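Contents: one structure, followed by commentary.
The analysis underlying the following values was restricted to heavy atoms, covering all of them including side chains, and did not include hydrogens, waters or symmetry mates. Remember, it's a predicted structure, so these values are computed and weren't measured experimentally.
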Amino acid sequence: MIFQSETQINENLITSDVLDLDEEEKELKRLMSASYFQMMWTLLLTSIPTILQEGFPFLVYFLNSKFVSFLNNNTMLGGLGVGDSFYQIIVFGFGYGFGFGTNLLAAEASGSGDNRSAGLALHRSLILNWFIIIPSVITFIFSDKIFIMLGVVPELAYEARTYLVYLIIPSILFFNNLSLISFTIAFKQYKFPSVLTFVGAVADIVLAYVLAYKMEMGTLGIAIALGTFELIRFVGILVYVIFFFPEKEAVFSFNKESFQGLWSQFKFQMVMVIISLVICVMMEVSQIYSGILSAPEAAAQGLIFRLYVIFQTIPDTISYVTCSKISFYLGQGNITLSKKYVNSTALLIFLQAALFSVLWLLFKETLSRWLAGPNTVLQQYLEEIFFCLVFTCPIQSLLFFFTKQLRAFKPGLTMLFSCIGVLAIQLPGSSLFGVYMNLRLTGIWLSVFLASLVIVLFSAIFLYRVDFRLQSDSIRKKYSKMDISSDSFNYI
């Protein structure tokens with residue numbers, strides 16, 4: 001690993017008579033001399049395997065909803081949407097928070113040449129997962145009472161609870177899959193997890209079609225299909241990490257060191273979890289609010305939201321890959337390239353978000369007819385939501401990037417801004433605009449837009465005020481001098 005000052009890096013990269021460059025130095029030279037357009041193109045190509053890996057699960061959730069819609073049961077479809085959103089808040093909120101924390105720690109350690117610390121971060125993450133899994137399972141079991149307290153229509157609440165109980169096993173596998181996959185991404189191993197996700201997604205889609213639709217098993221069929229999907233990913237990634245992972249120093253058996261520093265890593269990852277959880281609440285609570293309105297509106301929200309999330313996987317995953325790269329290069333002391341990644345990623349995400357907004361506007365009627373089928377009431381609600389996405393899509397795309405990157409440097413600030421946006425703007429806004437002012441679905445999405453705008457503005461301002469050199473020095477100092485069993489993570 002290269003471990004040197006920024007000045008030394010620049011001298012090595014600019015000097016043309018350096019003939020004996022290894023592959024890593026050649027890649028650094030290419031990136032340092034690349035234009036912003038070339039950086040965006042490289043970033044997009046690099047992110048494609050991870051985009052597919054992250055996007056396939058959301059494609060699976062969308063198709064599962066579509067198969068259930070074939071049964072022409074709005075209560076079941078609405079219950080699936082409400083239950084799925086609650087599942088996403090709990091499992092994705094905590095899971096992605098823990099996974100992102102694992103990825104940051106492993107990427108910083110690998111960039112600094114300390115692969116053993118990266119392996120210990122994975123061990124601790126797998127142990128700490130159980131502190132989230134057990135409360136999550138209990139919450140699923142009693143979720144119907146939570147929904148009814150929130151005002152969800154009772155029949156939707158009971159349908160959602162049934163679905164969540166079916167998902168207990170898939171959720172356990174999901175938590176551990178994210179830890180393992182986040183670890184491999186920290187070492188720039190993208191392809192194998194993507195292949196596994198593709199195979200699992202194909203198996204899920206086939207099973208969901210047969211069980212949920214053809215055999216009319218409904219949500220039970222969906223849960224069996226999702227369990228198969230997560231089991232394929234878990235077995236495959238576990239075998240890959242244990243037997244075929246290229247960085248052998250990072251893969252070793254659990255030992256005493258694996259259990260030391262648990263509290264510090266837990267604090268670090270919980271900060272990431274709170275931020276991730278708040279963002280998931282922002283994304284998913286609109287589905288729960290639609291359950292307060294009516295079953296058809298909840299069904300429309302459930303269908304369109306799963307489709308929307310597939311497209312939003314692109315900026316979310318690009319942001320995720322970029323944050324990993326920035327942490328890696330900061331560990332090497334390359335300040336210039338880290339800043340270049342920040343600027344090029346923000347520009348790339350803005351351009352793709354603008355493109356998607358145009359697509360929502362042009363094809364909202366066509367997509368609504370395809371999703372609703374003969375259900376004209378459903379089609380009317382779908383067109384209303386698609387129009388809202390034209391304005392919400394760009395700002396939420398930027399939200400993914402700025403919150404992910406800022407929380408790598410200032411997690412406390414990111415948590416504060418996210419909480420302000422969701423708790424002070426979106427939740428009261430959804431009640432005010434959607435329910436009391438009777439704007440219904442439009443009011444719910446208006447509150448999402450306003451909350452996202454506030455978070456993006458604050459996060460962007462503070463991200464560009466971050467001292468990258470100070471962050472780099474902190475990372476390098478931590479991994480050059482830190483006892484790997486110590487409790488000294490700098491997480492605030």
Return the set of residues passing side-chain contact (heavy atoms from CB on, under 4.5 Å) with L416 (not counting sequence neighbours), or none when no residue passes.
I420

Under the side-chain contact (heavy atoms from CB on, under 4.5 Å) rule, collect the residues that match up with I133, sequence neighbours excluded.
N129, W130, V137, I172, F175, N176

Check whether any side-chain heavy atom of [X] lies under 4.5 Å from a side-chain heavy atom of [Y], and answer yes or no.
X    : Y    : value
I242 : L238 : yes
N64  : D204 : yes
S136 : V91  : no
L80  : E159 : no
N438 : R440 : yes

Residues that [X] engages under side chain to side chain donor-acceptor pair (under 3.5 Å), provided they are two or more places apart:
X    : value
Y240 : Q189
Y289 : S431
D316 : K404
T102 : S125, Q269

Listed by chain and number, what are the ring pair (Phe, Tyr, Trp, His ring centres under 6.0 Å) partners of F400, not counting sequence neighbours?
none

For residues 164-175, the salt bridge (charged side-chain N to carboxylate O under 4.0 Å, His left out) pairs (sequence neighbours left out) are none

Sequence neighbours excluded, every pair satisfying salt bridge (charged side-chain N to carboxylate O under 4.0 Å, His left out) that has a member inside residues 83-92
D84-R306

Per-pair distances, 0.1 Å, donor-acceptor, side chain in residues 207-232, under 3.5 Å, sequence neighbours excluded:
{"residue": "T228", "atom": "OG1", "partner": "I224", "partner atom": "O", "Å": "3.0"}
{"residue": "E230", "atom": "OE1", "partner": "N177", "partner atom": "ND2", "Å": "2.8"}
{"residue": "E230", "atom": "OE1", "partner": "R233", "partner atom": "NH2", "Å": "3.3"}

Going by the side-chain hydrogen bond (donor to acceptor under 3.5 Å, both in side chains) test, which pairs reach into residues 378-392, not counting sequence neighbours?
Q379-E383, E384-T442

Should the ring pair F254 and F259 be called parallel, tilted or perpendicular, given that the plane angle runs from 0 to 90° and is split at 30 and 60?
tilted

Would you please classify the geometry between the W263 ring and the F266 ring as parallel, tilted or perpendicular, with 30° and 60° separating the classes?
parallel

Heavy-atom closest contact (S357 atom, L389 atom, distance):
OG-O, 4.4 Å

Does any pair with a residue in residues 411-430 pass ring pair (Phe, Tyr, Trp, His ring centres under 6.0 Å), and if so which ones, sequence neighbours excluded?
F417-F458, F417-F462

Can you tell me how far the CD1 atom of I455 sits from the OG atom of S418, to the nearest 0.5 Å?
4.5 Å

Aromatic ring centroids of W370 and F363 under 6.0 Å?
no

Apply the test side chain to side chain contact (heavy atoms under 4.5 Å, CB included) to residues Q396 and V456: give CA-CA distance (whole Å), side-chain angles for both, the deciding distance (0.1 Å), then the verdict.
CA-CA 8 Å; Q396 282 212 312; V456 167; over 6 Å; no

